[in-house]
Amino acid sequence: MQVLPKGVRHIPGFLDRTRQEQLVEAIRLVVAEAPLFVPEMPKTGKPMSVRMTNCGSLGWVTDRDRGYRYQAQHPVTGHPWPAMPDVLLEIWNAVSASNKTPEACLVNFYSEEARMGLHQDRDERDLETAVVSISLGDSCLFRVGGNTRGGQTMSFRLESGDVVVLGGEGRLAFHGVDRIYPNTSTLLKHGGRVNLTLRRVNP
DNA sequence: AAGTTTCC
DNA sequence: TCTC
């Protein structure tokens, strides 16, 4: 019997099709203003397989020279990130159990081949407020474990419209994306998966 | 180290 | 707090 780690909440089908389409349109506008870029691993400069952008007052970025960080400007255009769409704030308010507002929405685009290795979200100064993750487009195999790298993990499928909340004991759970299942959704005309991660950065 | 790997 |  598969049991999610404590503090990890999977809400299948939280967003209906209309809501998902509303989100896609909002993200389309974000990407038009803040183009997707290829993040680099610290030190090595090795490109990650996802492409990303952000909206909100802060965005998560990484490059060879400066590593993982939050900053207020797009690393390529130098412009401020687009505002957080209201639809994202509504979802945050519904599931985060926080009175604080999210400062960052990281937008990760996964092509068929993209993966995300197991990691913790710990670049935020606020490690108490939950992290909220929204899946759109193609399904993926999501892996989640405990708060140490070597521990037990489990995996399950995430589908378009699902929401995952990492809160409480689950806030620092290791998690990643093992694979994308191509052509499993009609939401995105050109396929692929979009993950939206809402985070509070400052306490 | 959001790196290797767990997928199939 | 800054950096990876």
Side-chain angles (χ1 to χ4, degrees), chain A residues 1-5 8 10 36-76 81 102-135 137-160 162 164-166 170-185 191-203:
Chain A
M1 193 60 181
Q2 291 243 83
V3 180
L4 289 170
V8 177
H10 176 208
L36 293 167
F37 59 93
V38 177
E40 298 175 345
M41 296 300 299
K43 294 286 201 183
T44 63
K46 182 184 175 178
M48 295 173 64
S49 59
V50 296
R51 294 189 297 154
M52 63 176 54
T53 188
N54 293 267
C55 56
S57 58
L58 291 171
W60 188 87
V61 301
T62 172
D63 57 33
R64 177 175 56 82
D65 294 338
R66 298 180 62 195
Y68 308 149
R69 63 196 187 276
Y70 283 92
Q71 65 180 39
Q73 296 84 22
H74 189 287
V76 177
W81 302 105
E103 293 163 298
C105 175
L106 175 60
V107 179
N108 278 328
F109 177 78
Y110 292 77
S111 64
E112 290 186 8
E113 306 79 22
R115 303 285 184 269
M116 183 67 80
L118 267 191
H119 68 280
Q120 294 172 296
D121 288 8
R122 57 178 315 148
D123 298 314
E124 302 73 34
R125 294 176 60 225
D126 184 331
L127 295 177
E128 297 183 352
T129 303
V131 167
V132 173
S133 168
I134 301 165
S135 294
D138 284 340
S139 301
C140 76
L141 186 63
F142 183 73
R143 180 172 295 274
V144 63
N147 299 347
T148 57
R149 180 171 283 281
Q152 184 180 18
T153 64
M154 60 167 294
S155 57
F156 57 93
R157 188 176 174 121
L158 283 180
E159 298 184 334
S160 192
D162 290 5
V164 173
V165 182
L166 302 180
R171 173 62 180 78
L172 290 174
F174 276 86
H175 59 283
V177 173
D178 284 344
R179 66 162 300 180
I180 302 297
Y181 296 109
N183 307 313
T184 49
S185 168
R193 171 176 186 263
V194 170
N195 181 255
L196 308 176
T197 313
L198 296 163
R199 303 190 184 102
R200 179 74 192 188
V201 178
N202 295 116

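What's counted below: heavy atoms across the whole structure, side chains too, no hydrogens, waters or symmetry copies. Chain A is the first sequence line, chain B the second, and so forth, proteins listed ahead of strands; every chain is numbered from 1.
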Using OP1 and OP2 only, check whether a side-chain N or O of A/Y68 sits under 4.0 Å from B/dA2. yes
If you assign A/R143 and A/H119 each to the DNA chain B nucleotide with the nearest heavy atom, which residue ends up on the more 5' nucleotide? A/H119
Within the structure, does a side-chain N or O atom of A/K46 lie under 4.0 Å from either OP1 or OP2 of B/dT4? yes
Is there a donor-acceptor contact under 3.5 Å from the side chain of A/N108 to the main chain of A/M52? no
Measure from the side-chain N and O atoms of A/R171 to the backbone N and O of A/T129, and report whether any donor-acceptor pair falls under 3.5 Å. yes
Nearest whole Å is fine: how far is B/dT5 P from A/M154 CE? 22 Å
Name the residue closer to the 5' end of DNA chain B, choosing between A/T153 and A/R199 according to the nucleotide with the nearest heavy atom. A/R199
Expressed as a whole number of angstroms, how long is the span from A/M41:CE to B/dA2:C1'? 6 Å
Between A/T153 and A/R143 the two heavy atoms that sit nearest each other are OG1-NH1, 2.7 Å
Taking the P atom of each, how far is B/dT5 from C/dT1, in whole Å? 37 Å
How many whole angstroms separate atom OH of A/Y70 from atom P of C/dT1? 17 Å
Checking all strands, does A/D65 fall into the base, sugar-phosphate, or nothing category for heavy-atom contacts under 4.0 angstrom? sugar-phosphate
Minimal heavy-atom distance between A/N147 and A/Q120, with the atoms involved, is O-NE2, 3.3 Å
Here the distance between atom C1' of B/dA2 and atom CG of A/D178, to the nearest Å, is 14 Å
Can you tell me the distance, in whole Å, between the CG atom of A/L172 and the P atom of B/dA2? 12 Å
At less than 4.0 Å, is any side-chain N or O atom of A/R125 found next to OP1 or OP2 of C/dT1? Yes or no. yes
Rounded to whole Å, please give me the gap between OH in A/Y181 and C1' in B/dC8. 9 Å
Parallel under 30°, tilted from 30 to 60°, perpendicular over 60°: which one fits the rings of A/F142 and A/H175? tilted
Measure from NZ on A/K43 to P on B/dG3 and round the result to the nearest Å. 17 Å
Rounded to whole Å, CH2 of A/W60 lies from C1' of B/dA1 at a distance of 10 Å
Please pick, from C/dC4, B/dA2, B/dC7, the nucleotide with the shortest atom-to-atom distance to any side-chain atom of A/R149. B/dA2
Looking only at side-chain atoms of A/P42, point me to the closest of C/dC4, B/dA2, B/dC8. C/dC4
